[in-house]
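One structure below.
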Amino acid sequence: MQRIAVLASGGGSNLEALCAALDERPDAAVVLVVSDRPGAGALERARRRGIATTVVDPVDPPALETALSAATIDWIVLAGYLRRVPPQVVSRWRGRIVNIHPALLPRFGGPGMYGLRVHQAVLDAGERESGATVHVVDDEYDHGPVLAQRTVPVEPDDTPESLASRVLTLEHRLLPAVVIAAVEGRVHVEDGEARIEGGLDV
Ligand code: GRF
């Protein structure tokens, strides 16, 4: 069985969507949820599902690697994790760490681009569409090769909140689809390129 760790700093709705999508599968499960915030809603959601949790201090990079190694993790999913993944973790799980970002990378990403700021920037730029991106994590924020992207319209009367809500609904479909492709062995990452064999039905 493929063992998945989810790193989350926030409420954990993506975690919830992923767990729900994996509930019926015998070949994969979220077995660990890690946060940098003791009060993160994602930790509470994990506890309610009986999933092991741990809080790591971002200034103690070895703690994250130790927790992931002890749990014999195969895939790492960043779902609203606001910290940089330590290089030793990126290196050890290279090609097996994915992140979901609530915009169409490479635009509207990078340090400081998280939460409503992302959607405010999209609106300020006058974009007619936005969306979500799942990419492979490398040593820079929101930078690794894109695995999947889907779009949503930006409506004329959108606020950052209304756009965020529309994108989040998409995220809850896109992230599980990519993770399922990964556990099925259909995600291929070579020489900085990433692709999903057989596409995605999202
Ligand atoms: C999502 O919008 C995700 O794209 C971003 O942080 C948010 C996490 O939301 N990285 P939740 O904690 O999964 O509800």
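Whatever order the structure lists them in is the order used to number ligands and atoms, beginning at 1. On a predicted model such as this, the values are computed, not experimentally measured, just so you know.
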Exercise for the section: Spell out, yes or no, whether V77 and I51 are grouped together once hydrophobic residues are joined by side-chain heavy atoms under 4.5 Å, including indirect joins. Expected result: yes
Problem - T159 and S162 side chains, donor-acceptor separation under 3.5 Å - result: yes
Completion exercise
Residues joined to I97 in its hydrophobic cluster, side chain to side chain under 4.5 Å directly or through other members, sorted by chain and number, are M1, L7, V31, L32, V34, V56, L64, L68, I73, I76, L78, Y81, V85, V89, V90, W93, V137
Fill in the blank from the handout: Residues joined to V146 in its hydrophobic cluster, side chain to side chain under 4.5 Å directly or through other members, sorted by chain and number, are none
Practice task
Using salt bridge (Lys or Arg N to Asp or Glu O under 4.0 Å) as the criterion, list what pairs up with R117, not counting sequence neighbours.
Solution key: none
Handout entry: D74 side chain to Q2 side chain, donor-acceptor N/O pair below 3.5 angstrom
Key = no
Practice task
Output the set of protein residues with a heavy-atom contact under 4.0 Å to ligand 1, ordered first by chain identifier and then by residue number.
Solution key: G10, G11, G12, S13, N14, G80, I100, H101, P102, L168, E171
